[in-house]
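In what follows, a single structure is set out as structure tokens and then discussed.
Below, chain A is the first sequence line, B the second, and so on; all start at residue 1.
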There are 2 protein chains.
Amino acid sequence: MQITRQSEYAIRTMLELAQATSGELLSARYISERQDIPEDFLKKTVKLLAMADLVVTQRGPSGGVRLARPADQINLADIIAAVEGPIALNQCLSPGYDCPNQLTCPVSRNLARAQQAMLKELRRESLADMLKH
Amino acid sequence: MQITRQSEYAIRTMLELAQATSGELLSARYISERQDIPEDFLKKTVKLLAMADLVVTQRGPSGGVRLARPADQINLADIIAAVEGPIALNQCLSPGYDCPNQLTCPVSRNLARAQQAMLKELRRESLADMLKH
DNA sequence: TCATTGTGGATTATTTTTATCTTATTTATC
DNA sequence: GATAAATAAGATAAAAATAATCCACAATGA
């Protein structure tokens, strides 16, 4: 029922990138040192963020990572979903899964409602908002 | 970010008990067969529910399990917390954990808000409500 | 006394998560 | 073109969490 450590790494990484002057590339090594995240693991995590179009990467010397769009257009739900896949409180609410009883199942309905409420709040503030406060 | 299978077992068990005529004891074996849950694992799960005062157990022949209080006074948050411990979206929000930055950390604040919203919905309907619909 | 049921603890198996390592590929710079 | 710095990709290992099983024990109703 918790976000993974990898999601937390991803969030800290995205905040670090959001603080960088716009367009500036930060290397995985630099971020890993600043945020105390294992470098290789961070690279993998950055790849997930890139596949979700949250960051853009650039190879070669003076390469690195930057946000793919302005920090006011990225929220926690985006980041967690990029790392963990679609957010679902139970398997029966995951995209591919189709439980025959889903529509009538009261448990499913309640979990779905809780999930929606959570998602709404995870989408409330952008990275930019979080840096302001 | 999902509830565990054990929590799901616990929810199904509690619904089964809520359907039983009040005061009736159901054996772990009976529930495990009806709900297709491994018997020994279910017994452990029932123990967790008993420790949380959600069910009462009785040994001996014709022993079994029943709800510890009326079904309209038990909700999904109770059950999940009984099995998984206090619900926390991130370690930094768990009871024992104290992060020095917690108060000012914008991530923590947002996760806490999402967690509260989710909990509110998990507490909305009781077992009795769920059986009605 | 005996069969039935939960208790408790140990152990194993499986899955998920986290971390590491190695070899490629890209690319700026000299 | 050579070189060095960076990401890409995939294999593997290590650790942790979850799920399942097993067994000896204690309670209790018949």
Rounding to an integer number of Å, can you tell me how far [X] [atom1] sits from [N] [atom2]?
X	N	atom1	atom2	answer
Glu84(A)	dT17(C)	CD	P	7 Å
Glu39(A)	dT22(C)	CD	C1'	14 Å
Leu48(B)	dG8(C)	CG	C1'	13 Å
Leu49(A)	dT7(D)	CG	P	13 Å
Gln2(A)	dT16(C)	CD	P	18 Å
Lys47(A)	dG10(D)	NZ	P	9 Å
Asp40(A)	dT7(D)	CG	P	11 Å
Leu25(A)	dT7(D)	CG	P	9 Å

side-chain contact (heavy atoms from CB on, under 4.5 Å) between Gln116(A) and Leu119(A), intermediate numbers included: CA-CA 5 Å; Gln116(A) 274 315 111; Leu119(A) 273 173; 3.8 Å; yes

Salt bridge present between [X] and [Y] (N-O < 4.0 angstrom):
X	Y	value
Asp78(A)	Arg69(A)	yes
Glu24(B)	Arg66(B)	no
Arg5(B)	Glu8(B)	no

Specify the closest pair of heavy atoms between Ala71(B) and Ser126(B), including all atoms of both residues, with the distance to one decimal. O-CB, 3.5 Å

Minimal non-hydrogen separation, Ile87(B) against Ala77(B), with atom names: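 Shortest heavy-atom contact: CD1-O, 4.2 Å.
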
CA sep, side-chain torsions, deciding dist, call: Glu16(A), Gln35(A), side-chain hydrogen bond (donor to acceptor under 3.5 Å, both in side chains): CA-CA 8 Å; Glu16(A) 186 78 35; Gln35(A) 294 287 337; 2.6 Å; yes

Hey, which of these two, Pro38(A) or Gly63(B), hits DNA chain C nearer its 5' end, going by closest nucleotide? Gly63(B)

Between Asn110(B) and Glu125(A), a side-chain donor and acceptor under 3.5 Å: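 On atom types as modelled, these side chains qualify, holding a pair under 3.5 Å.
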
Applying side-chain contact (heavy atoms from CB on, under 4.5 Å) between Tyr9(A) and each of Ile31(A), Val83(A), Ile37(A), Thr4(A), report the one that passes. Ile37(A)

Mind checking Ala50(B) for me? I need base, sugar-phosphate or nothing, with any heavy atom below 4.0 Å counting as a touch. nothing

With a 4.0 Å cut-off on heavy atoms, is Tyr9(A) in touch with a base, just the backbone sugar-phosphate, or nothing at all? sugar-phosphate

For nucleotides 12-18 of chain D, give me one character per nucleotide, 5' to 3': B if any protein heavy atom sits under 4.0 Å from the base, S if the only such contacts are to the sugar-phosphate, - if neither. -------

Reading nucleotides 25-30 of chain C from 5' to 3' and marking B where a protein heavy atom lies under 4.0 Å of the base, S where only the sugar-phosphate is that close, and - otherwise, the string is BBBB--

Nearest-nucleotide wise, let me know which of Ile3(B) and Val65(A) is further upstream toward the 5' end of DNA chain D.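 Its nucleotide being nearer the 5' end, the pick is Val65(A).
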
